Amino acid sequence: MIYRRRPSPLHAARAAAGCAYCLALACAALLISNPVALGAITLAAAGAAIGAGVWRDLRRIALWSLPLVVVIALVNALVTRDGLTVIVRLGDLPVLGQTDITLEATVYGAILGLRAFALVLCGALYTTAVDPDEVLRLFRRVSFRSALTATLATRMVPVLIRDSRRLADAQRCRPGPPPSRRQLMRAATAGVLDRALDVAAALEVRGYGAARRPPRIARRYSRHDLAFLAAALATVTLAVAARLGGWAPFAAYPSLRAPVEPAVIAVSAALLALALAPFADRRGIER
């Protein structure tokens with residue numbers, strides 16, 4: 001899963017706006033626990049992926065993260081002793097002791113799993129729709145050498161993957177048992193370190209160590225930049241207001257309380273609309 005330039009409003013926006021947008025969705029998922037509103041945030045992240053044209057990549061990540069969701073729900077149901085409604089009595093188990101699974105712990109575990117799923121989608125959306133080189137250029141204004149180091153480190157990860165595949169293909173041509181993953185990783189890592197030293201020496205010869213901080217070039221905010229920044233600010237504001245004002249109430253312990261009130265539906269619909277509104281304007285997305 002890597003970044004590719006696509007004709008979408010999120011790709012057309014600058015990296016700062018894209019980062020703020022993805023971070024706002026993640027903050028909303030952390031602030032709100034009501035299952036209806038949390039489901040709306042998850043749908044918003046999935047809808048943003050469809051609008052950005054990266055849903056195929058996110059679908060693969062979503063399928064991989066489903067076992068994590070199940071594990072979180074099961075672990076919370078097994079280890080949490082809170083809750084009044086007992087649904088399963090497992091008796092005295094090794095390590096866990098007396099184990100009673102309650103409805104409240106099971107539901108709250110499912111909420112935690114759904115939150116983790118939403119955070120995974122937000123992270124995958126950032127990875128596939130925000131230009132990493134432009135993100136590094138944002139940090140270049142703070143420290144040029146740190147940005148250069150981060151750039152080299154991120155560029156070496158695909159090199160490590162390609163070297164591992166080439167070594168594995170070469171080993172398959174030889175008789176005998178195939179090498180283990182540990183052996184391949186050791187050989188590939190050694191090759192990447194040697195290559196990194198060569199790159200560092202080449203950069204030093206070309207004078208990168210003595211480079212001055214590049215001048216800051218003024219760039220006007222586009223309509224897509226303003227749209228995603230406004231959506232991010234509005235999403236965080238609404239999530240904070242819903243948390244402080246009790247517009248999306250949820251309580252798991254000691255008894256389950258997750259009402260589906262008009263305020264909850266309104267907050268959920270507003271979060272979904274705010275997240276998808278910037279994708280309505282598709283002018284200038286070819287740049």
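It should be emphasised that the depicted structure is a prediction, and the values quoted were computed from it without experimental measurement. Side chains included, hydrogens not; waters and symmetry mates left out as well; all remaining heavy atoms used.
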Measure across [X] and [Y] and return the closest heavy-atom pair with its distance rounded to 0.1 Å.
X	Y	answer
Gly113	Ile72	N-CG2, 3.8 Å
Ala52	Arg6	O-CD, 3.7 Å
Ala20	Ala232	O-CB, 3.4 Å
Ala248	Ala37	CB-CB, 4.4 Å
Leu229	Ala17	CD2-CA, 3.7 Å
Ala45	Leu25	CA-CD1, 4.3 Å

Between [X] (side chain) and [Y] (backbone), is there a donor-acceptor pair under 3.5 Å?
X	Y	answer
Thr102	Ala77	no
Asp82	Tyr253	no
Asp225	Arg14	yes
Tyr21	Ala275	yes
Asp100	Arg89	no
Ser65	Leu68	no

Problem set entry | Arg257 to Phe250 six-membered ring, cation-pi geometry met (6.0 Å, 45°) | no
Seminar exercise, completed: Hits for salt bridge (Lys or Arg N to Asp or Glu O under 4.0 Å) against Asp281, two or more places apart or cross-chain, chain-then-number order -> Arg223, Arg283
Would you give the length of the straight line joining atom [atom1] of [X] to atom [atom2] of [Y], rounded to the nearest 0.5 angstrom?
X	Y	atom1	atom2	value
Ser268	Leu238	OG	CG	9.0 Å
Thr237	Leu233	OG1	CG	4.5 Å
Leu10	Thr128	CG	OG1	8.0 Å
Thr235	Leu31	OG1	CG	11.5 Å
Ile61	Leu125	CD1	CG	12.0 Å
Leu38	Leu114	CG	CG	4.0 Å

Problem set entry | More than 12 heavy atoms of other groups within 6.0 Å of Arg81 CZ | yes
Exercise. Salt bridge or not for Arg4 and Asp131, using N-O below 4.0 Å?
Worked result: no
Would [X] and [Y] show up in the same hydrophobic cluster when neighbours are defined by side-chain heavy atoms closer than 4.5 Å?
X	Y	answer
Leu121	Leu119	no
Val36	Val267	no
Ile41	Val260	no

Within the 4.5 Å heavy-atom criterion, are [X] and [Y] side-chain neighbours or not?
X	Y	answer
Leu23	Cys27	yes
Leu272	Leu276	yes
Val264	Pro249	yes

Exercise. Please walk me through it: do Ile32 and Trp247 pass side-chain contact (heavy atoms from CB on, under 4.5 Å)?
Worked result: CA-CA 10 Å; Ile32 296 178; Trp247 300 345; over 6 Å; no
Exercise. side-chain hydrogen bond (donor to acceptor under 3.5 Å, both in side chains) between Glu104 and Thr85: does it pass, once the steps are laid out?
Worked result: CA-CA 7 Å; Glu104 292 79 9; Thr85 308; 3.0 Å; yes
Problem set entry | Pairwise side-chain hydrogen bond (donor to acceptor under 3.5 Å, both in side chains) hits with a residue in residues 105-115, at least two apart | Ser33-Arg115
For this session: Take Phe279 and Phe228, measure what ring-ring contact (aromatic ring centres under 6.0 Å, His included) needs, and give me the verdict at the end.
Result: CA-CA 9 Å; Phe279 293 94; Phe228 281 102; 5.4 Å; yes
